[in-house]
Structures are given as structure tokens and as C-alpha cells.
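Here is the naming used below: chain letters follow the sequence lines, and residue numbers restart at 1 for every chain. Note that these values count all heavy atoms, side chains included, but never hydrogens, waters or copies made by symmetry.
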Amino acid sequence: MPELPEVETTRRGIEPHILGRQISAVEVRQSRLRYPVPADLARKLTGKTVRSVTRRGKYLLLDTGGLQLLIHLGMSGSLRITDSSQPPRKHDHLDIRFGDKLLRFHDPRRFGLVLLLDAAPEEHALLASLGPEPLSEAFDTDYLYRLSRHRKVAIKNLIMNSHVVVGVGNIYASEALFLSGIHPARAAQRISRARYAKLVQAIRKVLQQAIDEGGTTLRDFVREQGQPGYFARRLNVYGKAGDACPRCGSVILTRTIGQRSSFYCSRCQK
DNA sequence: ACAGTAACCTGTTTGC
DNA sequence: TGCAAACAGGTTACTG
């Protein structure tokens with residue numbers, strides 16, 4: 001579910017509720033996520049104060065002073081701010097309690113994760129080999145063009161590879177390729193530098209616009225108070241097989257690329 | 001190093 | 001209507 005815009009929306013949503021606040025209790029109802037939730041999570045976090053709420057790719061990091069809580073929402077995860085009067089629903093696996101308030105982790109498919117890291121989270125195996133942030137200066141035409149040389153992989157798979165660039169998932173990959181006029185199955189090595197310049201700009205643009213709209217809600221993404229994100233109305237191709245291309249009017253096609261559904265206009269994208 | 005596939009899990013939609 | 005298959009926004013592990 002959540003790609004970079006949804007995770008950033010979540011970060012911005014929860015930060016004002018938990019920054020500077022002390023953790024009074026932690027309740028784990030389901031520890032079997034992608035990796036087991038650490039058995040000593042409650043013991044180690046209780047009494048700590050949240051010093052910062054940051055994001056790296058699709059990971060959220062809550063720094064409690066030398067101890068970092070690492071959270072990933074997987075395909076179906078969400079975080080909400082609620083209170084003790086709300087009984088946990090099915091799949092509400094974990095609560096971080098701040099006195100009267102709760103930060104509640106919900107994840108039906110359990111592809112998400114909650115881990116504790118020491119003081120150098122960027123050195124942890126899950127974070128160490130991540131590519132640059134797409135909205136940072138490090139992600140530019142030269143970088144992506146150089147990486148693409150001699151690579152036969154479909155361009156859609158390349159930009160969804162978190163070792164190449166973080167945060168671009170199945171929705172925004174399709175959208176960015178539509179905006180830049182590149183066919184999602186085109187081999188990465190067979191795209192010109194000029195077209196990579198367009199692609200980099202398209203990725204930045206679509207992610208920034210989605211953040212501005214609070215992310216994309218298709219089925220289950222919700223913001224910190226349960227609100228939807230409104231970027232779904234801006235989607236050009238994702239989920240729109242059979243519809244008319246908003247640019248040229250020909251029919252939007254779908255096809256599986258790298259085990260994921262892809263949506264594109266065969267007239268606008270070559 | 002790179003590319004392709006299976007696997008993790010539950011809920012909802014689709015098709016016979 | 002009922003049931004089974006297919007599909008869903010992510011990532012890693014394994015294979016060749």
C-alpha cells in the first residue's frame with residue numbers, strides 16, 4: 001500500500017502528536033510481522049521520549065535518544081493516533097502509549113515491520129544499501145543514467161528497486177513513466193540521457209504532488225486520524241485499464257511486468 | 001553484479 | 001449463490 005508519499009503523509013501526521021512526548025507503555029498483541037517484534041520492545045521503550053520522527057525511503061524512524069524504533073508499513077500497514085477509549089480492532093497489532101494518546105499500528109497482511117535499532121540506523125542491513133531519496137539532489141539525471149547503462153531490466157523495475165532509488169512503488173512508477181512518455185517495459189539501457197532527465201523530473205513531480213494531496217487512498221490507506229489521501233483523483237493511468245488516455249484518448253493498457261501490474265498508454269509511451 | 005521467481009499474509013474482487 | 005482463483009500499494013531470499 002504505502003509508497004513514499006503515504007509514508008511521508010503518515011510521518012507528518014503523527015509527528016505533532018508524539019514529538020517530545022514520553023512513552024508510558026507499549027502493548028504488542030501480535031508479534032509475528034515480517035520479522036518478529038522484539039520481545040523486549042516494551043521494556044526498552046517505556047519511559048523514553050521521542051526526540052525525532054524521520055523517514056528514510058518507506059521506513060519511519062522514531063528516535064528515542066540512542067534507540068531508534070524502525071517501522072515499515074509493508075503493503076497494508078497504517079499508523080493512527082487514537083486514545084484509550086478506542087478498543088483495538090482486528091489487525092491492530094501494536095500500541096505505543098503516550099499517556100492519554102496512542103500510536104496504533106494496523107496491518108492486515110503483516111508485511112510490515114517494527115524493530116529496534118541502535119544509534120546508527122543507517123548502518124543497519126535494511127537501510128545501509130538503500131539508494132538516494134528521490135526528492136534529494138543526489139537523485140539526478142547523471143545518477144540514474146549512469147546506473148542504467150548495460151542494464152537490461154525493464155525501466156519500471158529499475159525505478160522500483162530500492163537500491164537504485166527509494167520510495168517509488170507500483171502506483172507512482174506507472175504514473176511517472178506515463179508523465180515522461182516512457183514505456184514501462186523498455187530496457188533501461190535503451191533509454192537516452194535526455195529521456196532520463198524527463199523521468200527524474202516526473203518522479204519528483206508525481207511524488208511531491210502526491211505528498212501535497214496527502215497520498216493516494218485506493219482501498220485501505222488512511223492518515224493518522226483515519227482520513228483518506230486525495231491523490232487518487234490525480235492518477236492518469238494506474239488502475240485505469242480500458243479507460244481513455246487523458247492525453248491522447250487511446251485506451252489504457254495493463255500488463256504484468258516483474259510480477260506487478262503496470263498501466264500505460266501505448267501511443268504516448270514508447 | 002544482475003535478473004527472475006517464490007515467499008511472506010489476509011482480505012476483497014472476479015469468474016465460473 | 002457458492003466457491004475457488006486471482007489480485008492487492010512491499011521487500012527479501014534464493015536461484016541461475
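A perpendicular orientation is assigned to the rings of A:His91 and A:His106, their planes being inclined by more than 60° (bins at 30° and 60°). By the 30° and 60° cut-offs, the orientation of the rings of A:Phe263 relative to A:Tyr238 is perpendicular. Between A:Tyr59 and A:His72, the two ring planes are perpendicular [angle over 60°; tilted spans 30° to 60°].
Taking side-chain N and O atoms only, A:Ser261 has a distance below 4.0 Å to OP1 or OP2 of C:dA8. For C:dG9, the OP1/OP2 oxygens have a side-chain nitrogen or oxygen of A:Arg260 closer than 4.0 Å.
Distance, A:Arg56 CZ to C:dT11 P: 12 Å, rounded to whole Å. Regarding A:Phe263, its CZ atom lies at a distance of 10 Å from the C1' atom of C:dC7, rounded to whole Å. Rounded to a whole Å, the CD1 atom of A:Ile71 is 18 Å from the P atom of C:dG10. Atom C1' of nucleotide C:dG10 and atom CG of A:Leu130 are separated by 13 Å, given to the nearest angstrom. What separates CG of A:Leu4 from C1' of C:dT11 is a distance of 16 Å, to the nearest Å. A:Asp220 has its CG atom 13 Å from the P atom of C:dA8, to the nearest Å. The separation between A:Arg149 atom CZ and B:dA1 atom P is 20 Å, rounded to whole Å.
Counting only residues at least two apart or in different chains, side-chain hydrogen bond (donor to acceptor under 3.5 Å, both in side chains) contacts with residues 35-46 of chain A comprise A:Asp40-A:Lys44.
Base pairing in DNA chain C yields stems of at least 3 consecutive Watson-Crick or G-U pairs, both distances under 3.5 Å, namely B:2-8 with C:10-16, B:10-16 with C:2-8.
Backbone-only contact: A:Leu126 has heavy atoms under 4.0 Å from sugar-phosphate atoms and none from a base.
Taking only side-chain atoms of A:Tyr59, from C-beta outward, the nucleotide of B:dA3, C:dT12, C:dG9 with the closest atom is C:dT12.
Using modelled atom types, one side-chain atom of A:Glu3 and one backbone atom of A:Gly169 make a donor-acceptor pair closer than 3.5 Å.
In this structure, the salt bridge (charged side-chain N to carboxylate O under 4.0 Å, His left out) partners of A:Arg193, at least two apart in sequence or on a different chain, are A:Asp142. For A:Arg255, there are no salt bridge (charged side-chain N to carboxylate O under 4.0 Å, His left out) partners at least two apart in sequence or on another chain.
Between C:dC14 and B:dC9, the two P atoms lie 16 Å apart (nearest whole Å). Comparing C:dG9 with B:dA3, their P atoms sit 22 Å apart, to the nearest whole Å.
Residues of residues 152-161 of chain A having a heavy atom closer than 4.0 Å to DNA chain B, listed by number: A:Lys152, A:Val153.
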Quiz item: When every nucleotide of nucleotides 6-16 of chain B is labelled 5' to 3' by its protein contacts under 4.0 Å (heavy atoms), B for base, S for sugar-phosphate only, - for none, what sequence of letters results?
Solution: B-BBBSS----
